[in-house]
Amino acid sequence: MPIQYYILLALTLFSIGIVGVLTRRNAIIVFMCIELMLNAVNLLLVAFSKMQYNLAFTNNKATVAGSEAQLFVFFIMVVAAAEVSVGLAIIVMMYRNVHSVDVNFLNRLKN
Amino acid sequence: MSAIQILFWFLSGLALVSAIMVLISKNPVHSVLWLVMVFFAISGHYILMNAQFLAIVNLIVYAGAIMVLFLFVIMLMNLDKTSDPQKNWWMKLAGVISGGCLLMEMATLVRQAAEMKEKTVMMKEGSIGLIGNLGKLLFSDYVVPFEISSVLFLSAMVGAVVIGKKN
């Protein structure tokens, strides 16, 4: 598969995530769109990893070029899991205080 | 058209349709279920590229753990009518237009880039995505970030408990 197909697929997923962040008001759905954007980047990293491996494979059959990208995806997943746990705790606390998860109610953080 | 191409187009279409359904569903529970569908499609892409470790981790961590956490939170606070109370079509239109502009601009850039011509992704072969190679690399060269991520998890756990508890 040409690399451009994967780049265009990841770009489209990322743009759908951006449109979701910009248009939806529900804080949980905004958060889910951020997860979608992270996954688009992960898909792009794996595609680039296999592209680098494909380039190096023609010279050296035993190469491990491109492994770092897949480890990077692993660390992105680790950070995303930590981020989701803290972010959902913040959303629960916000719901407990203002009884809504509409992000419009957060424009005045003072009260 | 080979089987790999058919699978690629099928999984791409599934991912895009599910991602759009995440946005336009009214019910947040339906959004979560469509997002699980997106994660399954992306895991299918990983398997297609023979990144087996990441495919399984994506299924377990994202579709298994994170989405269940989202479902718990949504069901904890019953959001039946509170999603998008007032319609604001101009804001929605502006968001769609700006996102579409970004997509169009970056897509033209990618299509013109000379570095991307004739580069292909190795499908269904290659052993770098197997757990043997990645585990060897993770516990030799990248052992310090691995240990630091455990500290990150600990702090995230403490932070979630501190933020979430009733005062």
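Atoms considered below: every heavy atom in the structure, side chains included; atoms not considered: hydrogens, waters and symmetry mates. Lettering follows sequence order; numbering is per chain, from 1.
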Is [X] in contact with chain B via its backbone, its side chain, both, or neither, using a 4.5 Å heavy-atom distance?
| X | result |
| --- | --- |
| A:V79 | both |
| A:L45 | neither |
| A:I7 | side chain |

Considering only heavy atoms and a distance below 4.5 Å, find which of [options] pairs most often with chain A.
| options | value |
| --- | --- |
| B:V162, B:L48, B:V161, B:L137 | B:L137 |
| B:V22, B:I24, B:N58 | B:N58 |
| B:S98, B:A15, B:P145 | B:P145 |
| B:S12, B:S155, B:G159, B:G100 | B:S12 |
| B:L102, B:L16, B:I97 | B:L16 |
| B:H45, B:M91, B:M67 | B:H45 |

Using 30° and 60° as the class limits, which term best fits the ring planes of B:F53 and A:F74: parallel, tilted or perpendicular?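 If you compare the ring of B:F53 with that of A:F74, the planes turn out tilted.
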For [X], is it the side chain, the backbone, both or neither that has a heavy atom under 4.5 Å from a heavy atom of chain A?
| X | answer |
| --- | --- |
| B:Y46 | side chain |
| B:F70 | both |
| B:W34 | neither |
| B:D141 | neither |
| B:V32 | both |
| B:L35 | side chain |
| B:V38 | side chain |

So which residues get pulled into A:I90's cluster when ILVMFWY side chains under 4.5 Å apart are joined, directly or through others?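 Hydrophobic cluster check, A:I90: joined to A:V86, A:M93, B:I163.
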So which residues get pulled into B:I47's cluster when ILVMFWY side chains under 4.5 Å apart are joined, directly or through others?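 Cluster partners of B:I47: none, it stands alone.
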Would you check if the distance from the ring center of B:Y142 to the ring center of B:F146 is below 6.0 Å?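 Ring-ring flag for B:Y142/B:F146: false, centres at least 6.0 Å apart.
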Transitive ILVMFWY side-chain link B:Y62 to B:V68, under 4.5 Å: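 No: no chain of side-chain contacts under 4.5 Å links B:Y62 to B:V68.
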Linking I/L/V/M/F/W/Y whenever any side-chain heavy atoms sit under 4.5 Å apart, do B:V61 and B:L152 land together?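 Hydrophobic grouping puts B:V61 apart from B:L152.
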Top of [options] for chain B proximity - count of heavy-atom pairs under 4.5 angstrom:
| options | result |
| --- | --- |
| A:V92, A:V46, A:V84 | A:V46 |
| A:M51, A:Q70, A:E35 | A:Q70 |
| A:V64, A:N39, A:L13, A:V73 | A:N39 |
| A:L8, A:I18, A:N42, A:L22 | A:N42 |

Got more than 12 heavy atoms from elsewhere within 6.0 Å of CZ, A:F72?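 Incorrect, the count does not exceed 12.
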Is the count of non-hydrogen atoms from other residues, nucleotides or ligands lying under 6.0 Å from B:F153 atom CZ greater than 12?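 Count over threshold, so yes.
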side-chain contact (heavy atoms from CB on, under 4.5 Å) partner of A:I91, the single match among A:I28, A:V30, A:N26: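 Going through A:I28, A:V30, A:N26 one by one, the side-chain contact (heavy atoms from CB on, under 4.5 Å) with A:I91 is satisfied by A:I28 alone.
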What I want to check is whether the side chains of B:S127 and B:N133 have a donor and an acceptor closer together than 3.5 Å.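 Short answer, no.
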Can B:Q52 and B:N50 be said to form a side-chain hydrogen bond (donor to acceptor under 3.5 Å, both in side chains), step by step? CA-CA 5 Å; B:Q52 303 175 3; B:N50 208 10; 2.8 Å; yes
Evaluate the side chain to side chain contact (heavy atoms under 4.5 Å, CB included) criterion for residues A:L9 and A:Y5: first the C-alpha distance (whole Å), next the side-chain angles of each, then the deciding distance (0.1 Å), finally the verdict. CA-CA 6 Å; A:L9 171 65; A:Y5 291 173; over 6 Å; no
